[in-house]
Amino acid sequence: MTQRLYYTEPYRKTFDATVVKAETVDGRLFVTLDQTAFYPTSGGQPFDTGMLGGAAVTDVIDRDDGTVVHAMSGILKPGEVVTGEIDWARRFDHMQQHTGQHVLSAAFDRLFGVRTESFH
């Protein structure tokens with residue numbers, strides 16, 4: 001299970017973690033860390049991007065087994081300690097839009113009885 005730093009420290013921009021697993025699936029490298037501040041696509045908010053050990057993070061996925069995997073452009077090895085850097089401008093924009101959507105949805109529901117079915 002991946003420790004999810006974004007729940008306890010949502011404004012954290014950098015972190016260190018140990019690579020637990022690295023696997024290639026359909027030509028893409030997926031890395032699992034012991035902990036992460038990268039937010040996966042969830043609840044209507046898109047995934048974070050940024051850098052992990054000097055390589056670009058191109059997707060973040062929340063798996064059913066409780067792990068968070070990071071699709072990478074580079075190669076990392078199990079046991080390696082890496083520094084993660086969140087693309088803060090992207091994260092903060094998504095946080096604000098996500099909160100704004102909840103406020104707008106609540107207003108539509110209260111004023112007009114219209115429920116939000118999807119954030120799209």
Check whether Gln97 reaches the backbone of His94 with its side chain - one donor and one acceptor, N or O, closer than 3.5 Å. no
Closest heavy-atom pair, Leu29 versus Leu76, reported as atoms and distance to 0.1 Å, is CD2-N, 3.9 Å
OH (Tyr39) and OH (Tyr7) are apart, to the nearest 0.5 Å, by 5.5 Å
Self-check item: Glu85 vs Lys13 side-chain heavy atoms within contact, under 4.5 Å
Solution: no
Taken to the nearest 0.5 Å, the spacing of Asp62 CG from Thr2 OG1 works out to 8.5 Å
CG of Asp87 to CZ of Phe92, rounded to nearest 0.5 Å, is 13.5 Å
Interatomic distance, CZ@Phe30 vs CG@Asp59, rounded to 0.5 Å, equals 7.0 Å
Here the gap from Leu52 atom CG to Leu33 atom CG, rounded to the nearest 0.5 Å, amounts to 5.0 Å
Checking Arg4, His70, Gln3 against Thr36 for side chain to side chain donor-acceptor pair (under 3.5 Å), the one that qualifies is His70
Closest non-hydrogen contact found for Arg90 with Pro46 is NH2-CB, 4.2 Å
CD1 (Ile61) with more than 12 external heavy atoms under 6.0 Å
yes
Rounding to 0.5 Å, atoms CG (Leu5) and CD (Gln35) come to a distance of 4.5 Å
Query raised in the report: Hey, does Met51 have a side-chain heavy atom less than 4.5 Å from the side chain of Val57?
Result: no
For a quick test of your reading: what N or O donor-acceptor pairs under 3.5 Å do the side chains of residues 102-110 make, sequence neighbours left out?
{"residue": "His102", "atom": "NE2", "partner": "His98", "partner atom": "NE2", "Å": "3.1"}
{"residue": "Ser105", "atom": "OG", "partner": "Gln101", "partner atom": "O", "Å": "2.9"}
{"residue": "Ser105", "atom": "OG", "partner": "Gln101", "partner atom": "NE2", "Å": "2.8"}
{"residue": "Ser105", "atom": "OG", "partner": "Thr116", "partner atom": "OG1", "Å": "2.5"}
{"residue": "Asp109", "atom": "OD2", "partner": "Arg115", "partner atom": "NH1", "Å": "3.3"}

Q | Heavy-atom check, side chain of Tyr6 versus side chain of Val68, under 4.5 Å | A | yes
For Met95 and Pro10 the tightest heavy-atom approach is SD-O, 4.2 Å
Any side-chain heavy-atom pair from Ser42 and Phe47 closer than 4.5 angstrom? no
Applying side chain to side chain donor-acceptor pair (under 3.5 Å) to Arg12 and not counting sequence neighbours gives Glu9
Fill in: Flag side-chain contact, heavy atom, 4.5 Å: Val69 against Val31
no
In short, side-chain hydrogen bond (donor to acceptor under 3.5 Å, both in side chains) pairs touching residues 22-34 with sequence neighbours left out are Glu23-Arg63
